[in-house]
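Since the structure comes first, as structure tokens, the remarks are kept for the end.
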Number of protein chains: 2
Amino acid sequence: MSPKHNPNQCPMESILGQIMGPWTPYILWLLSNEESLRFGQIAALIPDISAKVLTDRLRKLEGSGLVHRDYHPTVPPTVYYSLTARGAEIHCVLQGLNKVALRWDEEDKSDKGNAEIAAE
Amino acid sequence: MSPKHNPNQCPMESILGQIMGPWTPYILWLLSNEESLRFGQIAALIPDISAKVLTDRLRKLEGSGLVHRDYHPTVPPTVYYSLTARGAEIHCVLQGLNKVALRWDEEDKSDKGNAEIAAE
DNA sequence: CTCAATACTTACCATAAGGTAACTACTTGC
DNA sequence: GCAAGTAGTTACCTTATGGTAAGTATTGAG
């Protein structure tokens with residue numbers, strides 16, 4: 001996004017700025033399928049994300065009120081992340097997206113299969 | 001996304017890679033509300049996007065089969081962009097997202113209004 | 001002869017974003 | 001007194017991204 005651009009002028013852009021971008025929807029998707037997840041669990045479910053970026057995304061999601069951070073000062077510390085009520089509202093959107101994703105994946109697979117058969 | 005990361009391994013990541021990122025969902029949203037739009041029209045509807053980035057996004061969307069490019073070799077040339085059948089499938093997803101966006105926007109406005117009243 | 005119009009493309013530059021690796025805190029266990 | 005374990009933070013560096021400005025093609029109008 002351009003620095004001059006104010007996302008607040010449009011609700012659609014505002015929400016896109018909050019939930020989109022690398023890894024963010026994926027984190028929300030994981031959290032929307034579990035009660036809560038610890039930092040290390042999320043990191044394990046997304047192998048290619050670095051701790052720095054994961055922290056950054058979780059902080060931003062917490063800042064926009066989509067994710068709740070539950071810190072337990074045990075030793076070593078345990079931190080549970082879960083969706084807030086607002087965060088849970090996008091579950092149906094992600095579910096819709098996932099449906100489309102699975103459908104396209106099937107189509108692409110069968111297209112690829114047909115192409116291979118045709119090539120023989 | 002990390003360069004090592006292969007989005008094809010997961011349908012969800014694949015679709016996110018195709019439709020998310022700066023401006024892309026916005027372009028799809030505009031196209032899903034019109035029959036077709038010319039390059040200049042899209043540029044006018046998104047004032048802060050540069051021609052370079054708009055071209056890039058449209059090429060990528062065309063490449064993943066979500067957008068159809070209709071080039072008329074008139075002078076000066078006219079190019080119409082429209083959603084393909086596959087591109088149209090994400091309209092309902094964007095519509096769901098827009099609904100949530102509008103609801104949050106209303107909530108935030110009234111919260112802000114209450115805060116201002118409380119501050120008086 | 002030059003401009004205007006559309007839809008780009010190209011070159012160059014500045015900023016932002018992400019990766020890696022090392023470091024922090026604190027207590028239990030060895 | 002040193003390592004382990006969790007959830008980070010920090011510094012440093014590289015890459016990617018986007019902006020700006022200029023150039024391209026073609027032809028009718030002035």
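Chain naming here is simple, since letters A, B, ... match the order of the sequence lines and numbering starts at 1 in each. Values in this document were obtained by computation on a predicted structure and should not be read as measured data.
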Name the atoms and distances for all side-chain donor-acceptor pairs under 3.5 Å in residues 85-92 of chain B, with sequence neighbours left out.
unit_1	atom_1	unit_2	atom_2	d
B:Arg86	NH1	A:Asp108	OD1	3.3
B:Arg86	NH2	A:Glu107	OE1	2.7
B:Arg86	NH2	A:Asp108	OD1	3.3
B:Glu89	OE1	A:Arg103	NE	3.0
B:Glu89	OE1	A:Arg103	NH2	2.4
B:Glu89	OE1	A:Trp104	NE1	3.4
B:Glu89	OE2	A:Trp104	NE1	3.4

Going by ring pair (Phe, Tyr, Trp, His ring centres under 6.0 Å), name the residues that satisfy it together with A:Tyr71, two or more places apart in sequence or in a different chain. none
Expressed in angstrom and rounded to an integer, what is the separation of A:Tyr80 atom OH from D:dT6 atom P? 12 Å
Provide, to the nearest angstrom, the distance between the CG atom belonging to A:Leu54 and the P atom belonging to C:dG19. 11 Å
Would you mind reading off the distance between A:Ile49 atom CD1 and C:dG19 atom P, rounded to a whole angstrom? 8 Å
Would you indicate, yes or no, if C:dC8 has its OP1 or OP2 atom less than 4.0 angstrom from a side-chain nitrogen or oxygen of B:Arg59? yes
So do the side chains of A:Ile42 and A:Ile49 get within less than 4.5 Å of each other, counting heavy atoms only? no
Gap between atom CH2 of A:Trp23 and atom CD1 of A:Ile46 - 0.5 Å precision: 6.5 Å
Rounded to the nearest Å, what distance is computed from the CG atom of residue A:Asp48 to the P atom of nucleotide C:dG18? 14 Å
A:Ile42 CD1 - D:dT6 P separation (whole Å): 15 Å
C:dG19 base to A:Lys52 side chain: any donor-acceptor pair below 3.5 Å? yes
Would you kindly give the CZ-to-C1' distance between A:Arg69 and D:dA7, to the nearest whole Å? 8 Å
Pick the nucleotide of DNA chain C nearest each of B:Pro76 and A:Pro77; which residue has the one closer to the 5' end? B:Pro76
Indicate the ring-plane relationship of B:Tyr80 and B:His72, choosing parallel, tilted or perpendicular according to the 30° and 60° boundaries. perpendicular
Protein-nucleic acid N or O pairs under 3.5 Å, nucleotides 28-30 of chain C:
none

In whole angstroms, how far is the P atom of D:dG8 from the NZ atom of A:Lys60? 16 Å
Distance, nearest 0.5 Å, that separates CD1 of A:Ile15 from CG of B:Leu102: 9.0 Å
OP1 or OP2 of D:dG18 sitting under 4.0 Å from any side-chain N/O of B:Arg57? yes
Take the C1' atoms of the five end pairs on each side of the helix from C:dC1-D:dG30 to C:dC30-D:dG1, get both axes, and report the angle to 10 degrees. 30°
Under 4.0 Å: is that the gap between some side-chain N or O of B:Thr55 and OP1 or OP2 of C:dC8? no
Restricting to pairs with a member in residues 18-38 of chain A, which pass salt bridge (charged side-chain N to carboxylate O under 4.0 Å, His left out), not counting sequence neighbours? none
Considering every strand and a 4.0 Å limit on heavy-atom distances, what is the contact class for A:Thr78: base, sugar-phosphate, or nothing? sugar-phosphate
OP1, OP2 of C:dA7 versus side-chain N and O of B:Arg38: anything below 4.0 Å? yes
Residues at least two apart in sequence or cross-chain that pass side chain to side chain donor-acceptor pair (under 3.5 Å) with A:Asp56, listed by chain then number, are A:Lys60
With a 4.5 Å heavy-atom cut-off, do B:Leu58 and B:Val79 have their side chains touching? no
With heavy-atom distances below 4.5 Å as the criterion, would you say the side chains of A:Leu83 and A:Leu66 are in contact? no
Whole Å only: how far is the CH2 atom of A:Trp23 from the P atom of C:dG19? 7 Å
What nucleic acid atoms does B:Tyr81 come within less than 4.0 Å of, heavy atoms only: base, sugar-phosphate, or nothing? sugar-phosphate
